[in-house]
Amino acid sequence: MRVLITGGAGFIGSHFVRSALDGRYPFLAGAAEVVVLDKFTYAGRAENLAPVAGRPALDVVRGDICDAPLVAGLMRGTDLVVHFAAESHVDRSIAGAADFVRTNVLGTQTLLEAAAAAGVGKFVHVSTDEVYGSIDRGSWREDQPLRPNSPYAASKASSDLLALAFHRTHGLPVCVTRCSNNYGPYQFPEKAVPLFVTHLLDGRKVPLYGDGRHVRDWLHVDDHCQGLALVAQKGQPGEVYHIGGGTELANRDLVARLLELLGHDPSMIEPVADRKAHDRRYSLAHDKISAELGYAPRVRFEDGLAGTVRWYADHRDWWEPLKAAAARTGEREGA
Ligand code: NAD
(Lines give C-alpha, C1' and ligand atoms only; values in the text may rest on other atoms or scores of the structure.)
Protein backbone atom coordinates (compact mmCIF):
# COMPACT_ATOMS: atom_id res chain seq x y z
CA MET A 1 0.00 0.00 0.00
CA ARG A 2 1.20 3.50 -0.86
CA VAL A 3 -0.09 6.40 1.23
CA LEU A 4 0.39 10.07 0.33
CA ILE A 5 0.15 12.46 3.26
CA THR A 6 0.12 16.16 2.42
CA GLY A 7 1.18 18.55 5.18
CA GLY A 8 2.79 15.63 7.00
CA ALA A 9 5.38 17.89 8.64
CA GLY A 10 2.75 20.04 10.38
CA PHE A 11 1.15 19.54 13.78
CA ILE A 12 -1.61 17.02 13.01
CA GLY A 13 -0.11 15.52 9.84
CA SER A 14 3.14 14.64 11.61
CA HIS A 15 1.21 12.98 14.43
CA PHE A 16 -0.58 10.85 11.85
CA VAL A 17 2.71 9.96 10.11
CA ARG A 18 4.50 9.06 13.36
CA SER A 19 1.53 6.96 14.51
CA ALA A 20 1.14 5.20 11.14
CA LEU A 21 4.84 4.29 11.02
CA ASP A 22 4.67 3.08 14.63
CA GLY A 23 1.96 0.62 13.59
CA ARG A 24 -0.85 2.29 15.54
CA TYR A 25 -3.33 2.05 12.65
CA PRO A 26 -3.51 -1.69 11.94
CA PHE A 27 -4.84 -1.37 8.38
CA LEU A 28 -1.81 0.80 7.53
CA ALA A 29 0.67 -1.34 9.42
CA GLY A 30 1.89 -3.03 6.28
CA ALA A 31 2.04 0.17 4.21
CA ALA A 32 5.11 -0.24 2.05
CA GLU A 33 5.38 3.48 1.36
CA VAL A 34 4.35 6.55 3.34
CA VAL A 35 5.05 9.61 1.22
CA VAL A 36 4.92 13.02 2.88
CA LEU A 37 4.42 16.01 0.57
CA ASP A 38 5.11 19.24 2.45
CA LYS A 39 6.18 22.73 1.45
CA PHE A 40 7.82 23.26 4.84
CA THR A 41 6.25 26.67 5.41
CA TYR A 42 6.85 28.28 8.82
CA ALA A 43 4.45 25.63 10.22
CA GLY A 44 6.08 22.58 8.61
CA ARG A 45 9.04 21.36 10.67
CA ALA A 46 11.50 18.59 9.88
CA GLU A 47 11.88 18.16 13.68
CA ASN A 48 8.26 16.95 13.81
CA LEU A 49 9.27 13.90 11.80
CA ALA A 50 12.60 13.33 13.59
CA PRO A 51 11.25 10.40 15.65
CA VAL A 52 10.59 8.46 12.41
CA ALA A 53 13.35 9.90 10.19
CA GLY A 54 15.22 7.21 8.34
CA ARG A 55 12.42 4.64 8.47
CA PRO A 56 12.61 2.69 5.19
CA ALA A 57 8.87 3.15 4.49
CA LEU A 58 9.03 6.97 4.82
CA ASP A 59 9.73 9.24 1.88
CA VAL A 60 9.62 13.00 2.52
CA VAL A 61 9.16 15.23 -0.52
CA ARG A 62 9.60 18.98 -0.16
CA GLY A 63 7.12 20.53 -2.54
CA ASP A 64 3.94 22.50 -3.05
CA ILE A 65 0.49 20.93 -3.42
CA CYS A 66 -0.16 23.59 -6.11
CA ASP A 67 2.64 22.11 -8.27
CA ALA A 68 0.53 20.06 -10.73
CA PRO A 69 3.33 18.04 -12.42
CA LEU A 70 4.88 17.15 -9.03
CA VAL A 71 1.51 16.16 -7.59
CA ALA A 72 0.58 14.10 -10.69
CA GLY A 73 3.83 12.15 -10.38
CA LEU A 74 3.36 11.47 -6.67
CA MET A 75 -0.26 10.41 -7.15
CA ARG A 76 0.61 7.56 -9.55
CA GLY A 77 0.29 4.22 -7.76
CA THR A 78 -1.12 5.86 -4.60
CA ASP A 79 -3.87 3.94 -2.79
CA LEU A 80 -4.75 6.48 -0.10
CA VAL A 81 -4.36 10.26 0.23
CA VAL A 82 -4.75 11.98 3.60
CA HIS A 83 -4.79 15.69 2.86
CA PHE A 84 -3.70 17.87 5.78
CA ALA A 85 -1.71 20.57 3.96
CA ALA A 86 -3.19 24.00 4.53
CA GLU A 87 -2.59 27.48 5.77
CA SER A 88 -4.25 26.97 9.13
CA HIS A 89 -4.10 30.06 11.35
CA VAL A 90 -7.18 32.31 11.42
CA ASP A 91 -5.27 35.41 12.53
CA ARG A 92 -2.89 35.11 9.58
CA SER A 93 -5.89 34.83 7.21
CA ILE A 94 -7.25 38.09 8.63
CA ALA A 95 -3.90 39.80 8.00
CA GLY A 96 -3.84 38.48 4.40
CA ALA A 97 -5.91 35.82 2.66
CA ALA A 98 -3.96 35.21 -0.56
CA ASP A 99 -1.89 32.24 0.70
CA PHE A 100 -5.06 30.71 2.14
CA VAL A 101 -6.90 30.78 -1.16
CA ARG A 102 -3.85 29.55 -3.04
CA THR A 103 -2.97 26.59 -0.83
CA ASN A 104 -6.35 25.65 0.62
CA VAL A 105 -8.45 26.09 -2.52
CA LEU A 106 -6.11 25.82 -5.54
CA GLY A 107 -3.86 23.31 -3.79
CA THR A 108 -6.79 21.07 -2.93
CA GLN A 109 -8.14 21.31 -6.49
CA THR A 110 -4.70 20.37 -7.84
CA LEU A 111 -4.61 17.29 -5.61
CA LEU A 112 -8.17 16.28 -6.49
CA GLU A 113 -7.53 16.52 -10.26
CA ALA A 114 -4.41 14.40 -9.95
CA ALA A 115 -6.07 11.87 -7.62
CA ALA A 116 -9.00 11.44 -10.02
CA ALA A 117 -6.66 11.02 -12.99
CA ALA A 118 -4.55 8.45 -11.13
CA GLY A 119 -7.55 6.46 -9.85
CA VAL A 120 -6.61 6.82 -6.18
CA GLY A 121 -8.54 4.39 -3.94
CA LYS A 122 -9.47 6.83 -1.14
CA PHE A 123 -9.00 10.57 -0.59
CA VAL A 124 -9.51 11.86 2.96
CA HIS A 125 -9.88 15.64 3.02
CA VAL A 126 -9.16 17.01 6.51
CA SER A 127 -11.31 20.01 7.35
CA THR A 128 -12.65 21.98 10.28
CA ASP A 129 -15.79 22.83 12.26
CA GLU A 130 -15.07 26.49 11.46
CA VAL A 131 -16.72 26.07 8.04
CA TYR A 132 -20.12 26.23 9.77
CA GLY A 133 -19.58 29.66 11.35
CA SER A 134 -20.82 30.04 14.91
CA ILE A 135 -23.60 28.31 16.85
CA ASP A 136 -25.21 29.64 20.05
CA ARG A 137 -27.03 26.47 21.11
CA GLY A 138 -27.02 22.80 20.12
CA SER A 139 -24.46 21.13 17.88
CA TRP A 140 -23.85 20.98 14.14
CA ARG A 141 -24.65 17.89 12.13
CA GLU A 142 -22.83 16.94 8.94
CA ASP A 143 -25.56 18.31 6.61
CA GLN A 144 -25.58 21.80 8.18
CA PRO A 145 -25.21 24.74 5.73
CA LEU A 146 -21.73 26.23 5.58
CA ARG A 147 -21.51 29.82 6.84
CA PRO A 148 -17.81 30.52 7.33
CA ASN A 149 -16.81 33.86 8.83
CA SER A 150 -13.01 34.11 8.60
CA PRO A 151 -11.06 33.95 5.32
CA TYR A 152 -9.43 30.77 6.68
CA ALA A 153 -12.80 29.13 7.26
CA ALA A 154 -14.09 30.32 3.86
CA SER A 155 -11.07 28.80 2.11
CA LYS A 156 -11.58 25.50 3.94
CA ALA A 157 -15.31 25.52 3.12
CA SER A 158 -14.43 26.05 -0.55
CA SER A 159 -12.04 23.11 -0.47
CA ASP A 160 -14.68 20.89 1.19
CA LEU A 161 -17.15 21.71 -1.58
CA LEU A 162 -14.57 20.99 -4.26
CA ALA A 163 -13.70 17.66 -2.65
CA LEU A 164 -17.37 16.60 -2.54
CA ALA A 165 -17.88 17.81 -6.12
CA PHE A 166 -15.01 15.60 -7.29
CA HIS A 167 -16.81 12.66 -5.75
CA ARG A 168 -20.10 13.48 -7.47
CA THR A 169 -18.58 14.50 -10.81
CA HIS A 170 -15.70 12.08 -11.21
CA GLY A 171 -16.54 9.32 -8.73
CA LEU A 172 -13.36 10.04 -6.74
CA PRO A 173 -13.78 8.18 -3.40
CA VAL A 174 -13.57 11.28 -1.20
CA CYS A 175 -14.41 11.52 2.49
CA VAL A 176 -14.46 14.92 4.19
CA THR A 177 -13.75 15.12 7.91
CA ARG A 178 -14.48 18.15 10.08
CA CYS A 179 -12.92 18.25 13.51
CA SER A 180 -12.92 20.57 16.47
CA ASN A 181 -9.94 22.43 18.01
CA ASN A 182 -6.94 20.13 18.32
CA TYR A 183 -4.34 20.31 21.05
CA GLY A 184 -1.27 18.21 21.84
CA PRO A 185 2.48 18.10 21.30
CA TYR A 186 4.23 19.69 18.29
CA GLN A 187 1.55 22.38 17.76
CA PHE A 188 3.06 25.60 16.46
CA PRO A 189 3.22 28.13 19.31
CA GLU A 190 0.94 30.67 17.61
CA LYS A 191 -2.18 28.58 18.37
CA ALA A 192 -4.03 29.08 21.66
CA VAL A 193 -2.87 26.16 23.83
CA PRO A 194 0.85 26.21 22.96
CA LEU A 195 0.90 30.02 22.92
CA PHE A 196 -0.56 30.19 26.44
CA VAL A 197 1.61 27.36 27.77
CA THR A 198 4.89 28.66 26.37
CA HIS A 199 4.15 32.22 27.51
CA LEU A 200 3.44 30.96 31.04
CA LEU A 201 6.56 28.77 31.02
CA ASP A 202 8.50 31.97 30.24
CA GLY A 203 6.68 33.92 32.97
CA ARG A 204 4.87 36.06 30.40
CA LYS A 205 1.22 37.11 30.55
CA VAL A 206 -1.25 35.35 28.25
CA PRO A 207 -3.31 37.45 25.81
CA LEU A 208 -7.02 36.64 26.00
CA TYR A 209 -9.33 37.84 23.25
CA GLY A 210 -12.36 39.98 24.21
CA ASP A 211 -14.42 38.74 27.16
CA GLY A 212 -12.87 35.26 26.99
CA ARG A 213 -16.29 33.61 26.71
CA HIS A 214 -15.72 32.14 23.24
CA VAL A 215 -16.44 28.43 23.48
CA ARG A 216 -14.41 25.75 21.70
CA ASP A 217 -14.68 21.96 21.70
CA TRP A 218 -11.25 20.46 22.48
CA LEU A 219 -9.95 17.34 20.76
CA HIS A 220 -6.62 15.66 21.49
CA VAL A 221 -4.58 15.26 18.31
CA ASP A 222 -4.26 11.54 18.97
CA ASP A 223 -8.05 11.10 19.03
CA HIS A 224 -8.35 13.16 15.85
CA CYS A 225 -5.82 10.96 14.05
CA GLN A 226 -7.53 7.78 15.29
CA GLY A 227 -10.77 9.13 13.80
CA LEU A 228 -9.02 9.92 10.52
CA ALA A 229 -7.61 6.40 10.36
CA LEU A 230 -11.13 4.99 10.78
CA VAL A 231 -12.42 7.22 7.98
CA ALA A 232 -9.50 6.26 5.76
CA GLN A 233 -10.23 2.58 6.36
CA LYS A 234 -14.01 2.42 6.47
CA GLY A 235 -15.53 5.82 5.57
CA GLN A 236 -18.16 5.82 2.84
CA PRO A 237 -17.13 7.79 -0.27
CA GLY A 238 -19.01 11.07 -0.62
CA GLU A 239 -19.70 11.31 3.12
CA VAL A 240 -18.77 13.97 5.68
CA TYR A 241 -17.72 12.85 9.18
CA HIS A 242 -17.37 14.99 12.29
CA ILE A 243 -14.52 14.19 14.65
CA GLY A 244 -15.27 15.87 17.98
CA GLY A 245 -13.57 15.80 21.35
CA GLY A 246 -16.54 16.24 23.67
CA THR A 247 -14.99 18.90 25.93
CA GLU A 248 -16.52 22.34 25.40
CA LEU A 249 -14.79 25.11 27.27
CA ALA A 250 -14.81 28.92 27.23
CA ASN A 251 -11.35 30.30 26.47
CA ARG A 252 -11.16 31.93 29.91
CA ASP A 253 -11.82 28.53 31.53
CA LEU A 254 -9.11 26.96 29.39
CA VAL A 255 -6.71 29.67 30.57
CA ALA A 256 -7.78 29.12 34.18
CA ARG A 257 -6.87 25.43 33.90
CA LEU A 258 -3.50 26.26 32.39
CA LEU A 259 -2.78 28.84 35.10
CA GLU A 260 -3.52 26.16 37.69
CA LEU A 261 -1.38 23.52 35.98
CA LEU A 262 1.54 25.94 35.72
CA GLY A 263 1.19 27.47 39.19
CA HIS A 264 0.17 30.99 38.17
CA ASP A 265 -2.69 33.27 39.24
CA PRO A 266 -5.20 35.28 37.15
CA SER A 267 -2.94 38.36 37.20
CA MET A 268 -1.13 36.59 34.31
CA ILE A 269 -4.13 37.20 32.01
CA GLU A 270 -3.88 40.19 29.69
CA PRO A 271 -7.21 41.01 27.99
CA VAL A 272 -6.70 42.11 24.37
CA ALA A 273 -9.07 43.54 21.74
CA ASP A 274 -11.27 40.84 20.24
CA ARG A 275 -10.44 39.16 16.94
CA LYS A 276 -12.49 40.47 13.99
CA ALA A 277 -15.62 38.35 13.30
CA HIS A 278 -14.64 36.09 16.20
CA ASP A 279 -16.95 33.05 16.20
CA ARG A 280 -18.68 32.76 19.57
CA ARG A 281 -19.09 29.01 19.84
CA TYR A 282 -18.27 25.84 17.92
CA SER A 283 -19.97 22.55 18.68
CA LEU A 284 -19.91 19.34 16.65
CA ALA A 285 -22.19 16.33 17.01
CA HIS A 286 -20.00 13.31 16.36
CA ASP A 287 -22.53 10.51 16.76
CA LYS A 288 -22.38 9.63 13.02
CA ILE A 289 -18.74 8.54 13.07
CA SER A 290 -19.28 6.84 16.44
CA ALA A 291 -22.27 4.81 15.22
CA GLU A 292 -20.94 4.00 11.74
CA LEU A 293 -17.19 3.64 12.26
CA GLY A 294 -16.81 3.00 16.00
CA TYR A 295 -15.06 6.29 16.88
CA ALA A 296 -14.83 7.46 20.48
CA PRO A 297 -12.42 10.08 21.86
CA ARG A 298 -10.19 8.30 24.38
CA VAL A 299 -8.00 11.02 25.88
CA ARG A 300 -9.60 12.62 28.96
CA PHE A 301 -9.19 16.38 28.60
CA GLU A 302 -7.55 16.75 32.05
CA ASP A 303 -4.94 14.11 31.17
CA GLY A 304 -4.40 15.37 27.65
CA LEU A 305 -3.93 18.97 28.78
CA ALA A 306 -1.55 18.01 31.60
CA GLY A 307 0.44 15.83 29.18
CA THR A 308 0.60 18.65 26.66
CA VAL A 309 1.86 21.10 29.29
CA ARG A 310 4.54 18.56 30.31
CA TRP A 311 5.57 18.10 26.67
CA TYR A 312 6.13 21.85 26.17
CA ALA A 313 7.98 22.08 29.49
CA ASP A 314 10.27 19.24 28.36
CA HIS A 315 10.76 20.44 24.77
CA ARG A 316 12.00 24.02 24.98
CA ASP A 317 14.49 23.07 22.28
CA TRP A 318 11.53 22.59 19.92
CA TRP A 319 9.58 25.79 20.55
CA GLU A 320 12.10 28.38 21.75
CA PRO A 321 13.68 28.81 18.28
CA LEU A 322 10.21 29.17 16.72
CA LYS A 323 9.20 31.93 19.12
CA ALA A 324 12.57 33.63 18.77
CA ALA A 325 12.25 33.62 14.97
CA ALA A 326 8.72 35.05 15.19
CA ALA A 327 9.96 37.79 17.54
CA ARG A 328 12.85 38.64 15.16
CA THR A 329 10.54 39.03 12.17
CA GLY A 330 8.07 41.02 14.25
CA GLU A 331 5.25 38.56 13.63
CA ARG A 332 2.23 39.05 15.80
CA GLU A 333 1.66 36.20 18.18
CA GLY A 334 -2.02 35.33 17.89
CA ALA A 335 -4.25 33.92 20.58
P1 NAD B 1 -0.22 23.19 10.46
O2 NAD B 1 -0.28 24.63 10.08
O3 NAD B 1 0.49 22.79 11.71
O4 NAD B 1 0.45 22.35 9.28
C5 NAD B 1 0.15 22.59 7.93
C6 NAD B 1 1.20 21.87 7.10
O7 NAD B 1 0.89 22.08 5.71
C8 NAD B 1 2.61 22.38 7.34
O9 NAD B 1 3.51 21.29 7.44
C10 NAD B 1 2.91 23.19 6.08
O11 NAD B 1 4.29 23.23 5.75
C12 NAD B 1 2.10 22.44 5.04
N13 NAD B 1 1.75 23.27 3.88
C14 NAD B 1 1.22 24.52 3.89
N15 NAD B 1 1.06 24.96 2.63
C16 NAD B 1 1.48 23.97 1.81
C17 NAD B 1 1.55 23.81 0.39
N18 NAD B 1 1.15 24.79 -0.44
N19 NAD B 1 2.03 22.66 -0.10
C20 NAD B 1 2.44 21.65 0.71
N21 NAD B 1 2.42 21.75 2.07
C22 NAD B 1 1.93 22.89 2.60
O23 NAD B 1 -1.73 22.71 10.47
P24 NAD B 1 -2.46 21.60 11.38
O25 NAD B 1 -2.92 22.27 12.63
O26 NAD B 1 -1.60 20.42 11.45
O27 NAD B 1 -3.74 21.33 10.50
C28 NAD B 1 -3.77 20.28 9.54
C29 NAD B 1 -5.11 20.28 8.85
O30 NAD B 1 -6.14 20.12 9.82
C31 NAD B 1 -5.41 21.58 8.11
O32 NAD B 1 -6.04 21.25 6.89
C33 NAD B 1 -6.36 22.32 9.03
O34 NAD B 1 -7.24 23.15 8.30
C35 NAD B 1 -7.08 21.16 9.68
N36 NAD B 1 -7.61 21.47 11.03
C37 NAD B 1 -6.79 21.84 12.05
C38 NAD B 1 -7.33 22.08 13.31
C39 NAD B 1 -6.46 22.45 14.49
O40 NAD B 1 -6.99 22.64 15.58
N41 NAD B 1 -5.14 22.56 14.35
C42 NAD B 1 -8.70 22.02 13.52
C43 NAD B 1 -9.51 21.66 12.45
C44 NAD B 1 -8.96 21.37 11.21
Side-chain angles (χ1 to χ4, degrees), residues 5-19 36-52 60 62 64-65 83-97 99-100 103-104 107 126-128 130 150-153 155-156 179-202 204 206-209 216 218-222 224-225 245 251 254-255 258 275 304-305 307-335:
I5 300 181
T6 72
F11 163 47
I12 306 171
S14 70
H15 190 93
F16 190 89
V17 172
R18 294 191 305 273
S19 304
V36 167
L37 171 59
D38 201 294
K39 190 177 172 182
F40 289 91
T41 66
Y42 75 97
R45 316 296 314 170
E47 308 87 275
N48 297 0
L49 294 172
V52 290
V60 180
R62 181 182 289 264
D64 192 329
I65 58 169
H83 173 34
F84 294 96
E87 288 293 336
S88 68
H89 190 41
V90 174
D91 286 339
R92 286 177 187 262
S93 81
I94 294 169
D99 285 346
F100 287 75
T103 287
N104 300 0
V126 181
S127 191
T128 170
E130 302 192 30
S150 72
Y152 161 68
S155 69
K156 292 296 291 188
C179 67
S180 34
N181 274 36
N182 283 223
Y183 70 100
Y186 295 99
Q187 188 170 27
F188 198 85
E190 65 186 356
K191 303 277 172 65
V193 168
L195 180 87
F196 294 159
V197 172
T198 56
H199 268 37
L200 291 172
L201 285 169
D202 277 347
R204 290 172 62 185
V206 296
L208 185 62
Y209 274 141
R216 300 294 181 258
W218 290 97
L219 169 68
H220 194 274
V221 65
D222 195 59
H224 181 197
C225 289
N251 286 344
L254 171 70
V255 170
L258 292 174
R275 171 191 273 169
L305 197 65
T308 301
V309 167
R310 269 197 307 281
W311 189 88
Y312 283 93
D314 293 344
H315 290 81
R316 280 184 172 270
D317 57 326
W318 184 84
W319 57 266
E320 277 181 344
L322 303 179
K323 289 190 87 147
R328 271 197 306 278
T329 54
E331 275 176 14
R332 182 176 175 279
E333 292 163 312

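Listed for the Thr6 side chain is a donor-acceptor partner under 3.5 Å among the backbone atoms of Ala85. Asp64 contributes no side-chain N or O that, together with a main-chain N or O of Lys39, makes up a donor-acceptor pair within less than 3.5 Å. Here the side chain of Asp91 pairs no donor or acceptor atom with the backbone of His89 at under 3.5 angstrom. For the pair Asn104 (side chain) and Glu87 (backbone), a donor-acceptor distance under 3.5 Å is present.
Arg316 meets the side chain to side chain contact (heavy atoms under 4.5 Å, CB included) test with Leu201, Asp202, Trp319, Glu320; sequence neighbours excluded. Residues that satisfy the side chain to side chain contact (heavy atoms under 4.5 Å, CB included) test with Asn48, not counting sequence neighbours, are Ser14, Arg18, Arg45, Tyr186, Trp318. Tyr183 is linked by a ring-ring contact (aromatic ring centres under 6.0 Å, His included) to His220, Phe301, counting only residues two or more places apart in sequence or in another chain.
Ser180 OG to Leu219 CG: the interatomic distance, rounded to the nearest 0.5 Å, is 4.5 Å. Note that CG of Asn181 and NZ of Lys191 are 9.5 Å apart. Values are rounded to the nearest 0.5 Å. Within the model, atoms CZ of Arg92 and CD of Glu190 stand 4.5 Å from one another, a figure rounded to the nearest 0.5 Å. Remark: Arg216 CZ to Glu130 CD distance equals 6.5 Å, nearest 0.5 Å. Atoms CD1 and CG, from Ile65 and Asp38 in turn, are 9.5 Å apart once rounded to the nearest 0.5 Å. Note that the CG atom of Asp99 and the OG1 atom of Thr41 stand 9.0 Å from one another [nearest 0.5 Å].
Looking at heavy atoms from C-beta onward, Ser93 lies in side-chain contact with Phe100 at the 4.5 angstrom threshold. With a 4.5 Å cut-off on side-chain heavy atoms, Val90 and Ile94 count as touching. At least one side-chain heavy atom of Pro189 sits under 4.5 Å from a side-chain heavy atom of Leu322. Residues Leu49 and Val17 form a side-chain contact, since some pair of their non-hydrogen atoms from C-beta on lies under 4.5 Å apart.
Phe196 does not carry Arg204 over the face of its six-membered ring by the limits of under 6.0 Å from the centre and within 45° of the normal. The cationic atom of Arg275 (NZ for Lys, CZ for Arg) does not lie both less than 6.0 Å from the six-membered ring centre of Tyr209 and within 45° of the ring axis.
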- Verdict with supporting geometry, Thr308 and Val193, side-chain contact (heavy atoms from CB on, under 4.5 Å): CA-CA 9 Å; Thr308 301; Val193 168; 4.2 Å; yes

- Evaluate the criterion side-chain contact (heavy atoms from CB on, under 4.5 Å) for residue pair His224 and Val126; output intermediate values, then yes/no. CA-CA 10 Å; His224 181 197; Val126 181; 4.0 Å; yes

- Message: Could you walk me through whether Leu195 and Val206 satisfy the side-chain contact (heavy atoms from CB on, under 4.5 Å) test, starting with their C-alpha distance in whole Å, then the side-chain angles of each, then the deciding distance to 0.1 Å, before giving a yes or no?
- Response: CA-CA 8 Å; Leu195 180 87; Val206 296; over 6 Å; no

- Task: Decide side chain to side chain donor-acceptor pair (under 3.5 Å) for Lys156 and Ser88; before the verdict, give the C-alpha distance in whole Å, the side-chain angles of both, and the deciding distance to 0.1 Å.
- Result: CA-CA 9 Å; Lys156 292 296 291 188; Ser88 68; over 6 Å; no

- Query: Can you list the steps and then say if Leu305 with Trp218 is a side-chain contact (heavy atoms from CB on, under 4.5 Å)?
  - Reply: CA-CA 10 Å; Leu305 197 65; Trp218 290 97; over 6 Å; no

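When all heavy atoms are compared, the tightest approach of Val221 to Gly184 is CG1-CA, 4.2 Å. Shortest non-hydrogen contact noted between Phe40 and Ala46 is CE2-N, 3.7 Å.
Ring pair Phe16/Phe84: centre-to-centre distance below 6.0 Å.
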